[in-house]
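Start at 1 with the first residue, then count along the sequence.
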Amino acid sequence: EEMARISNEDFLPRSDGAMPLKGDKKKTKEELWGERIVACIIKDPSLRQCLDGLEIEPILKYDVGQLIQVLKKAENDILGKIKDEASHLVDYANQLVLSIEVAEEIESLEEEVSFCIKEFKSHFIRQRLNEIGEKIQEAEQSQDDEAATKLMQEFRLLSDQLNQYSNNN
């Protein structure tokens, strides 16, 4: 009876190689990148400055987004700050740190944080480009040349940013 409730998938590694956390559901890329960032920064608080300028609004709906928001404000004693501002996420944060400690593929915490932040930014720029592309089509269909021109300028700027991230591997 007890064994029937346990799925084999509960014991299979996730796509990122880590063992699933208790209650894991399929996570988004944003959550997985965020988890890596949080774990690395808790492990090495000097990496916190990497969060400067990171737009976290799109991920605040996830627990990891809330943790990143707390990390951005923490100056030292990161776990203490999490206990103060997001006590319901302390166990989750500890699990993330443990998962990073057992992850053998991570050679440098700094490189891991930089990679995940670059992926975050690229992902959100691509999403924004898709939104702007749809708005450009709507503006063109309604023959609003002024709006279409402004949207195309914004599209070009974001495309340039995306190219910058892609070229800085």
Side-chain angles (χ1 to χ4, degrees), residues 2-131 158 161-169:
E2 181 70 22
M3 292 303 288
R5 288 192 287 155
I6 299 173
S7 164
N8 284 341
E9 292 178 5
D10 291 337
F11 299 99
L12 296 175
R14 298 188 315 221
S15 61
D16 64 356
M19 290 304 292
L21 301 175
K22 183 179 178 189
D24 254 2
K25 60 188 180 308
K26 186 156 175 76
K27 295 188 177 184
T28 65
K29 291 177 184 178
E30 296 95 340
E31 286 176 288
L32 294 172
W33 292 322
E35 287 181 349
R36 302 294 272 221
I37 291 168
V38 167
C40 290
I41 291 174
I42 291 173
K43 190 115 175 76
D44 181 357
S46 70
L47 297 174
R48 194 187 60 74
Q49 85 274 356
C50 294
L51 296 176
D52 294 344
L54 179 64
E55 175 58 46
I56 61 168
E57 184 69 30
I59 61 164
L60 285 177
K61 61 187 171 194
Y62 305 117
D63 287 344
V64 74
Q66 295 172 35
L67 283 174
I68 290 174
Q69 187 175 34
V70 170
L71 291 179
K72 286 183 86 163
K73 294 187 268 182
E75 299 204 8
N76 49 29
D77 188 23
I78 290 175
L79 286 174
K81 188 76 167 173
I82 292 170
K83 286 177 189 169
D84 291 345
E85 294 195 21
S87 61
H88 63 290
L89 298 175
V90 171
D91 288 341
Y92 177 50
N94 286 327
Q95 287 177 326
L96 295 178
V97 172
L98 182 60
S99 72
I100 226 52
E101 288 174 351
V102 298
E104 296 175 8
E105 76 276 5
I106 297 176
E107 295 176 20
S108 162
L109 295 177
E110 184 175 4
E111 287 176 15
E112 184 71 13
V113 169
S114 293
F115 170 79
C116 290
I117 287 175
K118 184 185 96 172
E119 291 299 312
F120 251 138
K121 288 180 178 181
S122 297
H123 177 73
F124 291 124
I125 289 173
R126 277 190 225 95
Q127 283 184 332
R128 185 71 182 126
L129 286 171
N130 287 336
E131 292 169 12
L158 288 172
Q161 282 182 356
L162 185 60
N163 286 334
Q164 247 183 332
Y165 289 128
S166 298
N167 293 334
N168 291 335
N169 285 340

Would you sort out whether E35 and Y92 count as a side-chain contact (heavy atoms from CB on, under 4.5 Å), showing the intermediate values?
CA-CA 10 Å; E35 287 181 349; Y92 177 50; 2.7 Å; yes

If every non-hydrogen atom of L60 is compared with every non-hydrogen atom of G65, which pair is closest and at what distance?
CD2-O, 3.6 Å

Decide if atom NZ of K72 counts as having more than 12 heavy atoms of other residues, nucleotides or ligands within a radius under 6.0 Å.
yes

Main-chain N/O of L96 paired with S99 side-chain donor or acceptor, under 3.5 Å
yes

Where is the tightest heavy-atom contact between K121 and G53, given as atom of each residue plus distance?
CE-O, 4.5 Å

Once rounded to the nearest 0.5 Å, what's the spacing between atom CG of L54 and atom CD1 of I117?
5.5 Å

With rounding to the nearest 0.5 Å, note down the distance linking CG in L79 to CG in N94.
5.5 Å

So, applying side-chain contact (heavy atoms from CB on, under 4.5 Å) with V38, which one of I78, V64, I82, V113 is it?
V64

Evaluate the side-chain contact (heavy atoms from CB on, under 4.5 Å) criterion for residues H123 and R128: first the C-alpha distance (whole Å), next the side-chain angles of each, then the deciding distance (0.1 Å), finally the verdict.
CA-CA 9 Å; H123 177 73; R128 185 71 182 126; over 6 Å; no

In this structure, CG of L89 is separated from NZ of K83 (nearest 0.5 Å) by 13.5 Å

Residues at least two apart in sequence or cross-chain that pass side-chain hydrogen bond (donor to acceptor under 3.5 Å, both in side chains) with K73, listed by chain then number, are E85

Would E110 and S108 count as having a side-chain donor-acceptor pair, cut-off 3.5 Å?
no

Mind jotting down which residue pairs meet the side-chain hydrogen bond (donor to acceptor under 3.5 Å, both in side chains) criterion with at least one end in residues 46-61? Sequence neighbours excluded, please.
D44-S46

State the NZ-CG distance between K27 and L32, to the nearest 0.5 angstrom.
6.5 Å

Sequence neighbours excluded, the answer for side-chain contact (heavy atoms from CB on, under 4.5 Å) partners of K43 is V97, I100, E101, L109

Looking only at heavy atoms, which two atoms of C116 and I37 are closest? And how far apart?
CB-CG1, 3.5 Å

What's the separation between atom CD1 in I42 and atom NZ in K81, rounded to the nearest 0.5 Å?
14.0 Å

Atom CD1 in I56, atom CD in Q66: separation rounded to 0.5 Å?
9.5 Å

Could I get the full list of side-chain contact (heavy atoms from CB on, under 4.5 Å) partners for S122, not counting sequence neighbours?
K118, R126, L162, Y165

For F124 versus P58, what's the shortest heavy-atom pair and its separation?
CE2-CB, 3.4 Å

Mind checking what makes side-chain contact (heavy atoms from CB on, under 4.5 Å) contact with Q161, not counting sequence neighbours?
I125, L158

Hits for side-chain hydrogen bond (donor to acceptor under 3.5 Å, both in side chains) against E119, two or more places apart or cross-chain, chain-then-number order -> none

